[in-house]
Amino acid sequence: MSLSLSLHLTPLSLHHSSSSSSSSTFKLKNPSPRLPFHFHSKTSLEPLNATKLPSHLPSFKPLSLIKPYVQSHYKPIIAGWLCSVVSVFSLSKIIPKIATLSSNLCVNKLKSDGWILGVFVLARLVATYWQQAFLWDAALGAVYDVRVTVFEKVLQRELSFFEGVSGVSSGDIAFRITAEANDVADAVYALLNTIVPSVLQLSAMATQMLVISPVLSLISALVIPSMALVIAYLGERLRKISKQSHLSIASLSAYLNEVLPAILFVKANNAEMCESARFRRLAHSDLCELLKKRKMKALIPQTVQLIYFGALFILCGGSLLVSGGSFDGCSLVSFITSLVFMIEPIQGVGKAYNEFKQGEPAIERLFDLTKFKSKMIEKPDAVSLDHINGDVKFCNISFKYADNMPLVLDQLNLHIRAGETVALIGPSGGGKSTLAKLLLRLYDPLSGEPSEQLIFFMLPRGCILVDDHDVQNIRLDSLRRHVGLVSQDISSAKKLISYNGNLSACFVVPYQKFRIKGTFLLTLFSGTVAENIGYRDLMTKIDMERVEHAARTANADEFIRTLPQGYNTHIGPRGSSLSGGQRQRLAIARALYQNSSVLILDEATSALDSRCELLVRQAVDRLLGHHTVLVIAHHLETVMMAKRVFLLDNGKLEELNRSTLLGSNHDSLVSAGLVI
Ligand SMILES: Nc1ncnc2c1ncn2[C@@H]1O[C@H](COP(=O)(O)OP(=O)(O)OP(=O)(O)O)[C@@H](O)[C@H]1O
């Protein structure tokens, strides 16, 4: 009996070990991306991306978080549960039928009742397959909704969530939304599959178990090789499907790692909607691949059972012929069926418990991303401006990133007239990028003491005015439509970004520095040339005439036409298939396409060859002519293009005389942040 028991467990344990190996794949994947999380939690860098789970949380909390998403997929859930009723009902008919057949074993009886049994067996297999397929559909659909909601919330979060000492790393966010969301799907499926199907089967089997026969080892030994062959074949197919599924999850993760570091640019271009749509597309393709995989995993045990029952029939017939009716068929069948079908739901309940326990922290970490209270409040009566002239005033602006940090900008005043170009120079860390972020209202300035001048003009404390409208009274999408961010130096951004991982573990300040710089510069996305230039219209329709006109003005048309598919050529991740100078001209073409009245131009620091430099400079020159431009300048030639030049150092602004600058010595130019 013990031999027979162990042999019969084999197919089931294979099935379960295969599914548990799938969960162990998730578990194996977890440690490495989570490593920095654990590492930081033991050091003074703890707040970098730690989202701790309070230990006192009641255990039903993850359930209540996920419940509305699961409930919205009630149709496949009900369908799955109805299938489970059919499946258990068929099983409850199969067992007595087999018992009756085997106790009254004769060829005529087998012929007359065999087909009824066959119908029930088939009904059971088909119903179980659809039960699992429907329940996976519901579980994955619910997790797809959770992913979309969480990602949309992440896009709405303020820049401070991604930057600085307590900023959450984009890799961590990507991991939560991809791999950990899959853990949630496993947990949801396990729950759905246990609540009704397992409980139903357990109770049905308890009433069906009447007689147990121990003489089954021979039958098991004959059935196992054919099962092993089928499992090997289907296992190979499952491997291929799983590979596809891993590829789709990898693309999703790669996309997130690309778009999240560029969150500043996405926000500055009002591209939240567009990115959400791109995310949906990739997440949906992952949903399809994963569903295929899950369906395959559901098919394997049903096929195994089909062989199992087929073999049982043949053996019953065989034993009838050999023994001439003396074989105790009733004990044989009762033993196998009761054993198998009692073990299955019991294992199911245990597995569901494990899966849910694994999924709980994943649910918490995912929903942690959605919990926030925005500091950047858009007033209900905020105005949307159709057109602006481009007059910009910084009035008494003070700013620091956190209460315990030093002032980055200290009571700064600056008036840029419409159509004027102003160059901002200064040492690294002087606050130039910070000033640009305030203009885009990615942060709000502190409210400082009102200066005499402000009191005279009856202006509020610490404000930024665009065409005399306080930016806090303008709708965010309207402001960012009229204030464009142009960054050119994408090549150096790549170098800086690549330092991120190593430096983050060692130095806090350089890490922020590099991240901020990277965020500012990394602005080309994988996609075609046209999509990159017409980025702002990705959600609507890119105007190809305007794209080509912008490219011609930016001296980019010539090289674009030499690309294999011209404007429809894919430029690789972050524009990696283009040279530094080509990327710069593409960035300028995009700015021209956007046609914002106010431009923040973050000038390239990298050296280009002289022809390329000339092309880029010509393009910048054309850009300057028609907009109000605040250029963060690194080259003396660019500084000379501006009408006025300001030095930003230690949070203070000082206007410089252009002619004095020309006569300055090498050292003083370098200390002002200029590349000579
Ligand atoms: N998100 C942030 N959290 C905390 N500190 C920050 C953050 N962003 C910038 N800082 C700090 O604010 C200061 C000004 O940074 P900012 O990036 O504005 O300088 P910058 O003049 O643009 O420098 P560079 O020319 O090197 O880009 C630096 O000391 C920097 O470390």
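Atoms within a ligand are numbered from 1 in the order they appear, just like the ligands themselves.
Closest heavy-atom approach to atom 25 (O) of ligand 1 among the candidates K400, K432, H634: K432.
Salt bridge D649/K652: absent, no basic N to carboxylate O contact under 4.0 Å. Residues E275 and K267 are not paired through a salt bridge, judged by the lack of any N-O separation under 4.0 Å between the basic side chain and the carboxylate.
A search for side chain to side chain contact (heavy atoms under 4.5 Å, CB included) contacts involving D477 returns N270, R475, not counting sequence neighbours.
For D403, the CG atom sits in a loose shell: 12 or fewer heavy atoms of surrounding residues, nucleotides or ligands are nearer than 6.0 Å.
Counting heavy atoms from C-beta outward, L369 and F151 have side chains that stay 4.5 Å or more apart.
For ligand 1, the atoms sitting less than 4.0 Å from at least one non-hydrogen atom of Y443 are 1 (N), numbered in the order shown with element in parentheses. Close contacts of ligand 1 with M405, meaning ligand atoms under 4.0 Å from a residue heavy atom, involve 4 (C), 5 (N).
Between G430 and ligand 1, at least one N/O pair is under 3.5 Å apart. For the pair V408 and ligand 1, the shortest N or O to N or O distance does not fall below 3.5 Å.
Within the 4.0 Å heavy-atom shell around ligand 1 one does not find G426.
By the 6.0 Å and 45° rule, R278 stacks over the aromatic ring of F525.
Within the 4.0 Å heavy-atom criterion, both parts of T434, backbone and side chain, lie near ligand 1.
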